[in-house]
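Note that this is a predicted model, so its numbers are computed, not measured. Index from 1, following the sequence.
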Amino acid sequence: MRSFILVSFVLGAFLPLSVLAETTQKSHGIAIHGEPGYPADFTHFNYVNPAAPKGGELRLASEGTFDSFNPYIIKGVAGPGFQPEALLTASADEAASEYGLIAESLEWPENRAWVTFTLRPEARWHDGKPITAEDVIFSLETISTKADPYVQNAFAIIKSVEKIGPRQVKFYSAEIGNREFPITAGSLPILAKHYWEGRDFAKSTLEPPLQSGPYRIKDFEAGRYVVQERVKDYWGKDLPVNKGQDNFDIIRTTYYQDDDVIKLAIKSGEIDYRNERSSSAWAQDYDVPAITKGWLKKESIPHKRPQGIQGFFLNTRREIFKDPKVREALGYVYDFEWSNKALSFGLLTRSTNFFGNSELASTGLPEGRELEILEQHRDRLPERLFIEPFTIPKTDGMGWPRDNFRKAFTLLEEAGWVVQDLKLVNAQTGEQMTFEMLLASKGMERTVLPFVNNLRQLGIDVRTRLVDQSQYYNRISDFDFDIVIIKLSASISPGTEQRGFWTSETADRKGSGNFAGINDPVIDDLVERVVNAKDREDLVASVRALDRALLWGFYVIPQFHTEDDRVLYWNKFSRPEVTPWRGTSTSYWWFDQEKAETLAANIARNRLSEENKGETETTVPETSNEPFFNPAIVDAFLAGLEKLGLPPEKTRRFFTFQLFTDPEAFFQKDNWRPYTLTATLLLLLLLVRRRRRNKVEEN
C-alpha cells in the first residue's frame with residue numbers, strides 16, 4: 001500500500017496534470033459538432049463523378065477589372081488564379097465537416113485547446129519542393145500581420161503554432177473550448193516560405209505567386225483576362241477529397257466592363273458559362289435561337305444553402321443613421337413587391353432574416369433556449385422583440401405605398417425630422433436629410449432607382465454614385481459611404497466569422513466586414529455565444545437570438561434572394577447527377593467530347609444552311625415590306641366574298657394574314673397562298689362578269 005501511494009505521489013509531482021487527464025482523438029477529418037460523415041476509407045465525395053474525364057477548356061467572364069493576384073490584402077483588386085491550399089478541405093454536402101488535404105491526419109483533445117496536424121509527405125509546391133512545417137508557421141505569421149483586417153480577424157482565434165516533428169505542427173487556441181478552432185486552423189491558407197521571404201506580402205502584385213493546387217496561372221493581361229492551366233502532375237490529384245474535381249485543362253476568365261456585354265458574350269458563344277443573377281435578364285434577355293435549338297442550355301438548379309443577407313446596409317457611423325427609428329422608417333419605403341413584379345417578373349423571394357432558408361432563422365416570438373438567452377439582455381433590447389414577431393414591411397405592389405409612407409413619416413417625426421416646404425428637415429437644425437447610395441454597376445441602378453424615388457417622395461435628398469470597382473472596394477474598406485448594397489453569405493454552422501460582421505471590435509477596423517458599423521455589447525455577447533456553442537441545439541438557439549437582435553436593430557433593409565442557381569452554358573459539358581445542398585459548381589463539371597462534337601456539327605450545319613439560303617435569296621427580286629393591296633380594296637374583296645356566302649374573317653385569316661404580317665415571305669416561290677389568292681380573284685371576277693351578263697339578258 002505504501003508503495004502504491006509513493007508511486008502515485010511521484011507521478012503526481014513530476015508528470016503534468018494534462019498528461020494524466022487529457023485524452024485525445026486522432027482522425028482523417030473533423031466536424032464542429034458530432035462526427036464527420038465520410039469514413040476514413042472513403043474514396044470520393046458522393047456528389048462528384050470519380051470517373052470524370054480530364055480535358056477541354058472552360059471560358060468564364062467577370063465584370064470589372066483586376067490589378068493584383070493577392071486576394072488577402074486590402075490593396076488592389078484581385079483577379080482569379082491564386083488559391084492557396086489549406087491543411088483541411090470541406091465537403092459540400094455537410095454542415096461543418098472537413099477532411100485532410102495537405103494534412104493526412106489531425107489530433108486534438110476534448111477541450112480543443114490545441115490541434116496537431118501531420119503533413120502528407122507527397123505534398124509539393126509547383127516548383128517541386130515539399131510543403132513543410134516551416135511553411136505552415138510562416139503562413140500564420142504572415143496572415144496574422146499583413147493580411148487585411150477581415151482575414152486577420154478570421155484567424156485571430158489561433159494563439160500560436162510550433163513545429164513538433166519533421167512533418168508535424170501544433171496550433172494552440174486563444175479560446176480554449178471553442179469547437180471551431182481545429183477547423184479554423186485547418187483552413188489557414190498555406191504560403192510558400194521560400195517564395196515569399198524575398199517579397200512583400202502586403203503589396204499588390206501581378207506576378208503569379210507560387211502555389212500547390214490543381215491549377216497554375218499560364219497567361220494573363222492585367223484587367224483583360226487570366227488563363228489557368230491544370231497541373232498535370234498535381235501531387236493531390238488522386239486524394240479522395242479531390243477525386244472527380246478540377247477536370248478542365250484550361251480555365252480562361254475574360255473581363256468585361258459591362259454586364260450587358262457579358263450577356264452578349266454568352267449568347268454569341270464567346271464564353272461558355274454564366275451564372276445569371278438578374279431575374280429580369282433571366283426572364284427576357286435569353287430568347288435567342290441558340291437556346292431554342294438546345295445549343296445554349298438555360299437551367300435552374302435548386303439548392304438548399306442558407307441565403308445569408310443581401311440588402312441596403314446603413315452606415316451607423318453617420319449621424320443621420322444612429323437613430324434606429326430613422327433606420328426603421330427607411331425600411332417602410334422600400335417597395336419590394338412592386339420592384340419584384342415590375343422589374344423581376346416575380347422571380348425573387350424577399351429576404352426576411354440574416355440566416356434565411358435554414359433552421360437558423362428566427363421566427364414568431366422567441367421561446368425555449370432562444371428566449372432564455374435573450375432574457376439575459378432584456379433591459380438592453382427593445383421590448384417589442386419579446387412581444388411582437390418581427391415582420392418585413394409589405395406593400396400592395398401597385399407602386400404607391402401610401403400606408404407605408406404614413407408609418408415612415410410617424411417614425412421620422414418621433415426621431416426629430418419634419419416636413420417643411422416639401423423637404424424632410426431636422427426639427428432643430430433645419431437641415432434637409434441628405435445621403436448617398438454607393439453603387440458599383442449599372443445593374444444595381446435598376447434596383448435602386450425606384451427606392452430612391454420613394455425616398456425623395458419623403459422629402460429626402462438622395463443621390464446615387466456609380467464608381468468603378470477599384471474605387472468601390474476602397475471606399476467600402478474605408479467605410480466611406482452612407483448606404484451600400486452588400487451580400488453576406490451564411491454558413492449552416494456560423495462561428496468566428498460572425499465577429500467580423502457585427503462586433504464592436506471590428507466596427508472601426510478598416511477593411512472589416514462590419515459594414516453597418518454595429519457597436520453594441522448585446523450583439524457582442526450573442527456573437528460570442530454563437531462562437532462558443534457546445535452542441536448543435538445550443539448553436540441554433542444562439543444564432544436565432546443573434547438574428548432576432550440584428551433584425552430589431554434595423555441595420556439593414558433586406559432585399560431579396562433566389563432559391564436556385566440560374567445558369568447558362570453551351571451544351572458541351574456534363575455534371576454529376578447529384579447536386580449537393582450547397583449547390584452546383586463547375587469544379588465538379590467536365591468537358592464532354594461527344595457533346596462538343598455534336599454541338600460543333602450542328603452549328604456548322606446551320607451556318608451552311610444560312611449561307612445557302614442567303615445565296616437563294618439574292619436571286620429573288622427585292623420586294624417592299626408594304627402590302628401591295630390598298631386596305632379598301634381588300635375590304636371590298638372580302639365584302640364580295642361575304643355575298644357569296646364565305647365568312648370574311650376566316651377568308652382574311654386564310655388568304656391574307658401572311659400578306660400583312662410578312663409580305664416578303666408571302667411572295668416566296670414555295671408559298672401556295674399567292675397562287676390561291678390569284679385564283680380566287682380570277683374566280684371572283686368570272687362570277688361578277690357572269691352575274692352582270694345574266695342581268696343584261698333579263699333586261
Visitor: Looking at CD1 of Ile251 and OG1 of Thr586, how far apart are the two atoms once the value is rounded to the nearest 0.5 Å?
Guide: 6.5 Å
Visitor: Consider only side-chain N and O atoms of Asp564 and Ser300, and report whether a donor and an acceptor are under 3.5 Å apart.
Guide: yes
Visitor: With side chains defined as the heavy atoms from C-beta onward, is the minimum distance between Arg509 and Asn514 less than 4.5 Å?
Guide: no
Visitor: Does Lys263 qualify as a cation-pi partner of Tyr286, given the criterion of NZ or CZ under 6.0 Å from the six-membered ring centre and within 45 degrees of its axis?
Guide: no
Visitor: Taking atom types as modelled, find out whether Thr205 and Asn70 have a side-chain donor-acceptor pair closer than 3.5 angstrom.
Guide: no
Visitor: Heavy atoms, side chains only, cut-off 4.5 Å: are Ile392 and Phe336 in contact?
Guide: no
Visitor: Side-chain contact test, heavy atoms from C-beta onward, threshold under 4.5 Å: evaluate it for Met437 versus Leu455 and give yes or no.
Guide: yes
Visitor: Do the side chains of Phe451 and Gln559 get nearer than 4.5 Å, heavy atoms only?
Guide: no
Visitor: Side-chain donor-acceptor pair under 3.5 Å between Asn519 and Ser504, yes or no?
Guide: yes
Visitor: Do His561 and Asn357 meet the criterion of a side-chain donor-acceptor pair at a distance under 3.5 Å?
Guide: no
Visitor: Indicate whether the side chain of Arg536 and that of Ser493 have a donor and an acceptor atom separated by less than 3.5 Å.
Guide: yes
Visitor: Between Phe386 and Arg378, is there a cation-pi geometry (under 6.0 Å to ring centre, at most 45° from the normal)?
Guide: yes
Visitor: Near Glu375 CD, under 6.0 Å, is it more than 12 heavy atoms from other residues, nucleotides or ligands?
Guide: yes
Visitor: Does the side chain of Ser280 come under 3.5 Å of the side chain of Arg446 through a donor N or O and an acceptor N or O?
Guide: yes
Visitor: A side-chain contact here means heavy atoms from C-beta on lying under 4.5 Å apart; do Phe345 and Gln284 qualify?
Guide: yes
Visitor: Hey, does the side chain of Arg566 reach the backbone of Arg274 with a donor-acceptor pair shorter than 3.5 angstrom?
Guide: no
Visitor: Please check if the number of heavy atoms outside Lys487 that lie under 6.0 Å from its NZ is greater than 12.
Guide: yes
Visitor: Is a donor on one side and an acceptor on the other found under 3.5 Å between the side chain of Asp547 and the backbone of Asn353?
Guide: no
Visitor: Is there side-chain contact between Leu296 and Tyr569, with heavy atoms separated by less than 4.5 Å?
Guide: no
Visitor: Below 30° counts as parallel, above 60° as perpendicular, anything between as tilted: where do the rings of Phe554 and Trp552 land?
Guide: perpendicular
Visitor: State, with a plain yes or no, whether a side-chain heavy atom of Phe435 is found less than 4.5 Å away from one of Leu314.
Guide: no
Visitor: Taking the six-membered ring for Trp, are Phe354 and Phe501 closer than 6.0 Å centroid to centroid?
Guide: no
Visitor: Any idea how Tyr255 and Phe66 line up, ring-wise: parallel (<30°), tilted (30 to 60°), or perpendicular (>60°)?
Guide: tilted
Visitor: Return yes if a side-chain donor-acceptor contact under 3.5 Å exists between Gln471 and Arg465, otherwise no.
Guide: no
Visitor: Tell me, do Leu438 and Asp482 make a side-chain contact under 4.5 Å, heavy atoms counted?
Guide: no
Visitor: On the ring face of Phe390, is Arg548 found with NZ or CZ under 6.0 Å from the centre and within 45° of the axis?
Guide: no
